[in-house]
Amino acid sequence: WPKDVGILALEVYFPAQYVDQTDLEKFNNVEAGKYTVGLGQTRMGFCSVQEDINSLCLTVVQRLMERIKLPWDAVGRLEVGTETIIDKSKAVKTVLMDLFRDSGNTDIEGIDTTNACYGGTASLFNAANWMESSYWDGRYALVVCGDIAVYPNGNARPTGGAGAVAMLIGPKAPLVLEQGLRGTHMENAYDFYKPNLASEYPLVDGKLSIQCYLRALDRCYAAYRKKIQNQWKQAGNNQPFTLDDVQYMIFHTPFCKMVQKSLARLMLSDFLSSGSDTKNDLYKGLEAFRGLKLEETYTNKDVDKALLKASLDMFNKKTKASLYLSTNNGNMYTSSLYGCLASLLAHHSAQELAGSRIGAFSYGSGLAASFFSFRVSKDASPGSPLEKLVSSVSDLPKRLDSRRRMSPEEFTEIMNQREQFFHKVNFSPPGDTSNLFPGTWYLERVDEMHRRKYARRP
Ligand code: CAA
């Protein structure tokens, strides 16, 4: 099989407009700090009525392919992970095939994968599995994940966002998926789901969703730990695995505070599984919790407080940088985790990252979750694949700053328009294209047979 399969290149797309969370706090009449401090959110990107999931994915794939100048016939698999469903049968992937038309390349496996925010990770696993199988034909795979995260007026609305990430998957990658190391947890839960096909909005049980996320994190981490320790044991190493063995840690990010608490939980998990004789300075302040069961701590505020304090230094070193896009753009559902990866790369040099392990936790409500990891290549020399990957995302902060700030009134008006126009036929979305970044694909027309036509802003 090919060696070192993983991420070779990556592209991020987010809308060109946002609403500030401080403005939203005032507009929604909630206490100052609830969204910005309590949830850890700064700005929220949102789409105009001219954008849908197809246009987001068209844009991010086109941007990636143009930037890396890869011939369209060099792609043998294209996977899409999304939960933004506008058609119960026709895959977003089929729309993306338009981009390949001129190349004549139609021999491209892969379709859409859906389970809430987990679809992007399932797509990544599918692509890697293909490449490590007898069906691989020597070409690259593209993994695309994207979503429009919108909620009705209410307490979930500030946890929205929108965006897409495209990743080129191939051998000899600078970010290698570590083989044999996936800890997965799946169960049946109604924490967040979308049974109403006439609406873009999910049904959410917010508090339950947080417990489900944390339970899945605990289980996946334990499964991953077991697998990596088994690998180590076979190589003659009997050390326990802890967060010390992960230099950077990224998470699916519904809101940033959730991630800070999640890293803290991993620390608790290490502490509780470390045995009673541990005299590690790292766990100072946690002694009172020795003997607790993880599942007894989900709503315990004392545990929360002590953990956040004990893990602050670790959070600043391992995770904080990965939250840049999330705090400034919001939840991107399937692409959230990969947006965190891009943010992490944008805030570190290739030298800093070289040789490290990046742990990743992917969560999709309903629920499906995995803990897995990337090994970063050791070669950070100028022109190396790692250095190229890192420099390709270095303009992320500048791009985010170039967006247009909209008022909560304008944001609400656009949300109302999206409700009104969702699934409308024989219609062209109103508005000009000046609220889109140059080069963005947008929805031009939906005909009376629900067929969608797209155009690209010059
Ligand atoms: N200053 C500082 N902090 C404040 C504050 C203020 N003035 N006012 C409130 N806060 C804090 C609260 O104390 C709370 O923090 P702690 O939990 O640490 O105590 C935080 O702000 C949020 O306040 P509430 O818990 O009162 O917020 P809420 O109940 O109104 O809504 C929510 C929060 C439940 C997450 C809601 O936004 C929601 O339902 N969001 C969508 C669901 C979601 O994101 N779930 C996450 C897990 S599921 C998942 O990951 C899948 C996915 O992508 C959706």
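From a predicted model like this one, the values you see are computed outputs, not experimental measurements.
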Relative to the ring of His252, is the ring of Tyr213 parallel (under 30°), tilted (30 to 60°) or perpendicular (over 60°)? tilted
Below 6.0 angstrom between ring centroids: does that apply to [X] and [Y]?
X      : Y      : value
Tyr18  : Phe411 : no
Phe192 : Tyr333 : yes
Tyr224 : Phe241 : yes
Phe372 : Phe374 : yes

If you measure only the distance, is there a donor-acceptor pair under 3.5 Å linking the side chains of [X] and [Y]?
X      : Y      : value
Ser269 : Arg225 : yes
Asn54  : Tyr454 : yes
Gln41  : Thr159 : no
Tyr201 : Arg157 : yes
Ser377 : Asp379 : no

Test side chain to side chain contact (heavy atoms under 4.5 Å, CB included), reference Thr253, set Cys340, Ser343, Ser322, output is Cys340
Pick one: which of Arg457, Arg403, Arg63 meets side chain to side chain contact (heavy atoms under 4.5 Å, CB included) with Phe437? Arg403
May I have the step-by-step check of salt bridge (charged side-chain N to carboxylate O under 4.0 Å, His left out) for Asp245 and Arg357, ending in yes or no? CA-CA 7 Å; Asp245 300 299; Arg357 171 179 288 124; 5.3 Å; no
Does Lys318 have any salt bridge (charged side-chain N to carboxylate O under 4.0 Å, His left out) partners at least two apart in sequence or in another chain, and if so, which? none
Under 4.0 Å between a side-chain nitrogen and a carboxylate oxygen: does that hold for Lys194 and Glu83? yes
May I have the step-by-step check of side-chain contact (heavy atoms from CB on, under 4.5 Å) for Leu56 and Cys47, ending in yes or no? CA-CA 9 Å; Leu56 257 58; Cys47 291; 3.9 Å; yes
For Tyr221, run the ring-ring contact (aromatic ring centres under 6.0 Å, His included) check against Tyr363, Phe371, Phe251 and tell me which one passes. Phe371
